[in-house]
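One structure is given here, and the rest of the page talks about it.
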Amino acid sequence: MKQGVIFDLDGVLISTDEMHYKAWKSIADELNIPFGIKENNLLRGVSRMASLDIILGLGNISLPDEEKEALAERKNRRYVELLQTLTPSSVSNEVRDTLKELNDRGIKTAVGSSSKNAKLILKLTDLEKYFDAVSDGTNITHSKPDPEVFLKGAEFLGLSPGQCAVTEDACAGIDAANAGGFFSIGIGDAAGYEMSDASISSIRELLDII
Ligand code: BG6
Ligand code: MG
């Protein structure tokens with residue numbers, strides 16, 4: 001029985017992964033780099049700059065750092081514009097009920113996201129109240145598959161990795177959870193990823209396996 005659950009945010013609790021896709025696609029289109037759903041899946045859980053490096057790599061393009069910074073900033077402006085459409089009703093009842101059930105059971109909860117926009121998303125969707133801690137892109141130096149974001153999340157909860165499960169839609173996130181010694185649960189794109197300790201097709205299923 002786990003004492004804590006750490007949730008990835010984008011693509012697990014909320015479909016912001018589609019907004020990341022739209023924002024990156026507009027940048028890729030400008031650069032004439034073919035970019036579809038398959039390529040977008042490579043960016044799940046990966047930091048903003050590392051995502052840009054992957055996209056530029058797909059187009060065999062290399063750019064000076066200042067241009068890369070400008071592109072990453074432009075992508076983020078578009079993404080943050082899209083985020084403004086989020087409201088509490090952007091979160092499914094199933095996600096809310098699952099988080100509430102964990103709170104009621106006394107299981108500690110944290111967000112473990114590579115995003116620097118995580119706190120903004122939690123605020124816009126009124127999800128903050130369900131979490132004991134938030135570990136995100138603002139408190140890490142290494143992005144998934146490095147375990148840092150989850151290790152910090154466990155530390156913020158006052159728990160050891162062995163006491164926590166991690167729920168992730170990114171293969172890079174499952175690798176990060178495994179590297180940190182967490183029980184890894186794949187959902188969405190990571191459901192069925194052979195490195196996951198468990199796979200679920202719907203978030204409420206985690207209540208039966210932790
Ligand atoms: C992760 C997403 O949660 O956050 C990635 O899965 C994204 O796609 C990363 O690149 C960084 O997000 P942000 O909001 O800091 O650009
Ligand atoms: Mg994700």
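Order of listing sets the numbers, starting from 1, for every ligand and every atom in it.
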Looking at [X] and [Y], does any basic side-chain N land under 4.0 Å from a carboxylate oxygen?
| X | Y | answer |
| --- | --- | --- |
| Glu30 | Arg74 | yes |
| Arg77 | Glu81 | no |
| Arg44 | Asp17 | yes |

Evaluate [X] for polar contact with ligand 1, using N/O atom pairs at a separation under 3.5 Å.
| X | result |
| --- | --- |
| Tyr79 | no |
| Arg48 | yes |
| Ser115 | yes |

| query | Given O of Asp10 on one side and OD1 of Asp169 on the other, what angle do they make at the Mg ion (ligand 2), to 10°? | reply |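 It comes to 100°.
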Under a 3.5 Å cutoff, is there a donor and acceptor pairing between the side chains of [X] and [Y]?
| X | Y | value |
| --- | --- | --- |
| Ser115 | Asp136 | no |
| Thr98 | Glu94 | no |
| Asn178 | Ser184 | yes |
| Asn117 | Asp10 | no |

| message | Measuring from atom 2 (C) of ligand 1, which candidate in Leu120, Asp10, Asn117 has the nearest non-hydrogen atom? | response | Asp10
| said: Heavy atoms only: which of Glu168, Met19, Lys116 lies closest to atom 15 (O) of ligand 1? | reply: Lys116
| Out of curiosity, is Gly137 lining ligand 1, as in a heavy atom under 4.0 Å away? |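 No, Gly137 has no heavy atoms under 4.0 Å from ligand 1.
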| message | Taking 4.0 angstrom as the limit and counting only heavy atoms of Ser51, give me the atoms of ligand 1 inside it, by number and element. | response | 10 (O)
| message | Please list, in number order, the atoms of ligand 1 under 4.0 Å from a heavy atom of Ser113. | response | 3 (O)
| said: Does the structure place the NZ or CZ of Lys75 under 6.0 Å from the centre of the six-membered ring of Tyr79, at an angle of no more than 45° from the ring's axis? | reply: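 The answer is yes, since Lys75 meets both limits relative to Tyr79.
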| field | Gln163 side chain near Phe183 side chain, heavy-atom distance below 4.5 Å | value |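 They are not in contact (no side-chain heavy atoms under 4.5 Å apart), so the answer is no.
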| Taking non-hydrogen atoms only, is Asp17 closer than 4.0 angstrom to ligand 1 via side chain, backbone, both or neither? |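 No part of Asp17 is near ligand 1 at this cut-off.
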Protein heavy atom at shortest distance from [atom]:
| atom | result |
| --- | --- |
| atom 9 (C) of ligand 1 | Val46 O, 3.2 Å |
| atom 8 (O) of ligand 1 | Leu43 O, 3.2 Å |
| atom 6 (O) of ligand 1 | Gly45 N, 2.8 Å |

| field | For the Mg ion (ligand 2): the N/O/S atom of Asp8 at shortest distance | value |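 Result for Asp8 and the Mg ion (ligand 2): OD2.
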